[in-house]
J.: 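There's a structure below that I have some questions on.
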Amino acid sequence: MDSSAPNQAAARFPGTLARRFFLRLRPWWPLLLLASSFAYGILVALWQTPTLLNPAVPATTPTPQPVVTQILPETGYRLETLASVLANRRWQDASAWQPTDNRRSGIGYPYQPATYRVTLANLSDAPVQRNLVLDAPYLDHVQPALISPDNDVQTLIAMGDSYPDGHRLIDLPTWMWPVTLAPGRTTLLVEVRNNGPVLLPLSLVASAMPDTGDIVALTWKSFISGLLVFALILNLSTVIRLRKPGLGWLSVFMAGLIHSQLVMDGLGFWLLWPELPVLNTLLGISLPLCLLALCEFTPHFISVSRTSAAVLRLFSLLAGAHLLAAPFGLRLIGQDSLLALAALGGIFILSLVVRYHRRVYDRYFGLSVLSILIGVVITSLRTIGWLPVTPLTDSAFFLGAALGSVILTSGMGRLLVEERNRRLGSDIQARQERKLRARVEQDIDRLMKTHRVTGKPNRPMLEETLDGINSQASPTASA
């Protein structure tokens, strides 16, 4: 029997080691699932269409518009002030201008004013109003002048900085001048003074300002995205510090939500990852991931029965199956099935909240699920055509989920604060108990050495003291 016991312990050791390993990884399961899901989506997308990393042609070819105005590639410069060029009429002498690189229009780091000469062409038979845009907010001083085909000189407004020489705290706005171009060729002279590299990225646009509605929509979406990013960073820091799987699932939900909205708004395609359009194809991954994370997060926030937990796990498995099948474009797996599954899952979670609403944190969770469900319903109605297509209906799911995430984050913050207060109270109570124990031990020690009433040393204490004083003598006789 003694020889079989070590063999049994050795046989159980690998299982115990694996169990400890998985228990240590338990707080990181949500984040590992997030990384593996996105890696799976990228690999499948690259396997299906390898040209997504470097697309040869754009997905949509815009309709060519008739060219009315253009900037001709003949650009030159002189290290001279604009006033001197105008006084000596040097714009008419082509040999007096040094050519610039048309790809960059840069001339290095000159330590004196430089004047550019650019030719603007109006190909129509009537004057055209355009906005001359100089997208170089780092320049210290810009002074342009227009010379019409009839050699009429028009000096435009000079723009610059009150604090040049590289001491600017923030970039200045983009330079812009409304101009009227006569038919033919117009010469543009631009004097630039700058303590640094001198570039001249000019453009002619019909309208330099975007639509006001687009600006407002982009502003509030950016504000909400900023709140979500802040909440995501807060959740990730809490996960790293406390290692709670519930907050990990909430972080997965926020990451999927942020990615899906960036893709739907087109910000990822033209701003964040223009060279990696494969990341836009992960929309079919991030949306099921949001539903899966919400279902897995629910048991960590409210107390549910085993049957309810099993139903939530079923919704999670269905969302995972949708996630695995989404990149292949199957007929039965699409946006309609995902919206139906998300609506059913949201209704079930909301019913759980109504049933288990004893604690104040259940109310937090109920409000968040209700806001997410309202966003899903509005998006579904917009998808099937029952609601008009507006920026609000397009972003209904994003708004509802963002509000739900902020509510959940505030609820988790309150829970963590209360837990911290409980721990602080426990520490204070333990410290008081230690002080009381030390005082009781001192009292017991004092009572063992002195008389209870008189406070004088008792007989055992006297005998011990006398023995220490005269250890060579005979023992003390009893009185």
Side-chain angles (χ1 to χ4, degrees), residues 58 60-107 110 113-160 172-194 197-212 214-215 270:
T60 57
T61 303
T63 304
Q65 300 292 334
V67 178
V68 178
T69 58
Q70 62 179 351
I71 300 177
L72 299 183
E74 298 86 5
T75 303
Y77 74 96
R78 287 180 58 85
L79 298 180
E80 190 177 354
T81 62
L82 177 63
S84 176
V85 172
L86 293 176
N88 299 320
R89 304 179 67 88
R90 296 189 186 277
W91 73 86
Q92 297 178 349
D93 186 4
S95 61
W97 297 86
Q98 301 182 25
T100 59
D101 189 352
N102 294 327
R103 296 172 298 176
R104 300 181 182 86
S105 68
I107 59 175
T115 301
Y116 282 88
R117 189 188 72 166
V118 184
T119 302
L120 310 177
N122 180 9
L123 305 181
S124 64
D125 297 332
V128 177
Q129 293 183 353
R130 286 290 183 268
N131 289 293
L132 181 65
V133 178
L134 177 58
D135 191 10
Y138 47 82
L139 297 179
D140 291 332
H141 178 82
V142 180
Q143 171 66 70
L146 281 179
I147 302 174
S148 66
D150 298 332
N151 291 330
D152 294 333
V153 179
Q154 177 187 3
T155 304
L156 303 181
I157 298 176
M159 296 187 181
L172 298 176
T174 300
W175 311 127
M176 185 190 329
W177 296 268
V179 296
T180 302
L181 301 179
R185 294 191 175 187
T186 300
T187 302
L188 172 66
L189 301 177
V190 183
E191 177 188 330
V192 179
R193 301 179 186 179
N194 190 50
V198 175
L199 298 174
L200 200 71
L202 283 172
S203 61
L204 282 174
V205 295
S207 177
M209 295 298 293
D211 186 26
T212 306
D214 295 338
I215 295 177
W270 62 268

J.: Is any side-chain heavy atom of Q98 less than 4.5 Å from a side-chain heavy atom of I107?
T.: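 Q98 does not reach I107 side chain to side chain.
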
J.: When you look at CD1 of I157, are more than 12 heavy atoms from neighbouring residues, nucleotides or ligands closer to it than 6.0 Å?
T.: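 12 or below, so no.
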
J.: Show the nearest heavy-atom pair for residues R78 and A96, with the distance to one decimal.
T.: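 Minimum heavy-atom contact is NH1-O, 2.6 Å.
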
J.: Over all heavy atoms of both residues, which pair between T81 and T115 is shortest? Give the atoms and the distance, please.
T.: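 Distance-wise, the nearest heavy atoms are C-OG1, 3.5 Å.
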
J.: Please report the closest heavy-atom contact between R117 and L189, naming both atoms and the distance.
T.: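 So the two residues come closest at CG-CD2, 3.6 Å.
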
J.: Could you tell me the separation between the OG1 atom of T186 and the CD1 atom of I147, rounded to the nearest 0.5 Å?
T.: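 Output value for this atom pair is 9.5 Å.
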
J.: What heavy-atom pair brings P144 and L188 nearest, and what distance separates the two atoms?
T.: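 Closest approach of P144 to L188, heavy atoms only: CB-CD1, 4.2 Å.
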
J.: Mind listing the closest non-hydrogen atom pair of P99 and Y77 along with its distance?
T.: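 Closest pair (atom of P99, atom of Y77, distance): O-CE2, 3.8 Å.
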
J.: Calculate, to the nearest 0.5 Å, the distance between atoms CG and CG belonging to L132 and L181 respectively.
T.: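 Reported to 0.5 Å precision, the distance equals 8.5 Å.
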
J.: For a 4.5 angstrom cut-off between non-hydrogen side-chain atoms, does L120 reach L146?
T.: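 Yes, their side chains come closer than 4.5 Å.
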
J.: Taking side-chain hydrogen bond (donor to acceptor under 3.5 Å, both in side chains) as the definition, give me every residue that meets it alongside R193, ordered by chain and number, with sequence neighbours left out.
T.: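 Partners of R193 under the side-chain hydrogen bond (donor to acceptor under 3.5 Å, both in side chains) test: E191.
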
J.: Can you tell me how far apart CD (Q143) and CG (L156) are? Round to the nearest 0.5 Å.
T.: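 Separation between the atoms: 7.5 Å.
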
J.: Looking only at heavy atoms, which two atoms of A114 and L79 are closest? And how far apart?
T.: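 That closest heavy-atom pairing would be CB-CD2, 3.9 Å.
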
J.: Is the shortest heavy-atom distance from the side chain of N151 to the side chain of Q92 under 4.5 Å?
T.: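 They are in side-chain contact.
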
J.: Under 3.5 Å, is there a donor-acceptor pair between the side chain of W91 and the main chain of V85?
T.: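 No, because the side chain of W91 does not come within donor-acceptor range (under 3.5 Å) of the backbone of V85.
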
J.: Is a side-chain N or O of R185 found less than 3.5 angstrom from the main chain of T119, in a donor-acceptor match?
T.: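 Absent.
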
J.: Spell out, as yes or no, whether a donor-acceptor pair under 3.5 Å connects the side chain of T75 to the backbone of T100.
T.: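 Flag not set: sc T75 to bb T100 has no pair under 3.5 Å.
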
J.: Applying the side-chain contact (heavy atoms from CB on, under 4.5 Å) criterion to W177, which one of V142, N131, V133 satisfies it?
T.: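 For W177, the side-chain contact (heavy atoms from CB on, under 4.5 Å) test succeeds with only one of V142, N131, V133, which is V142.
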
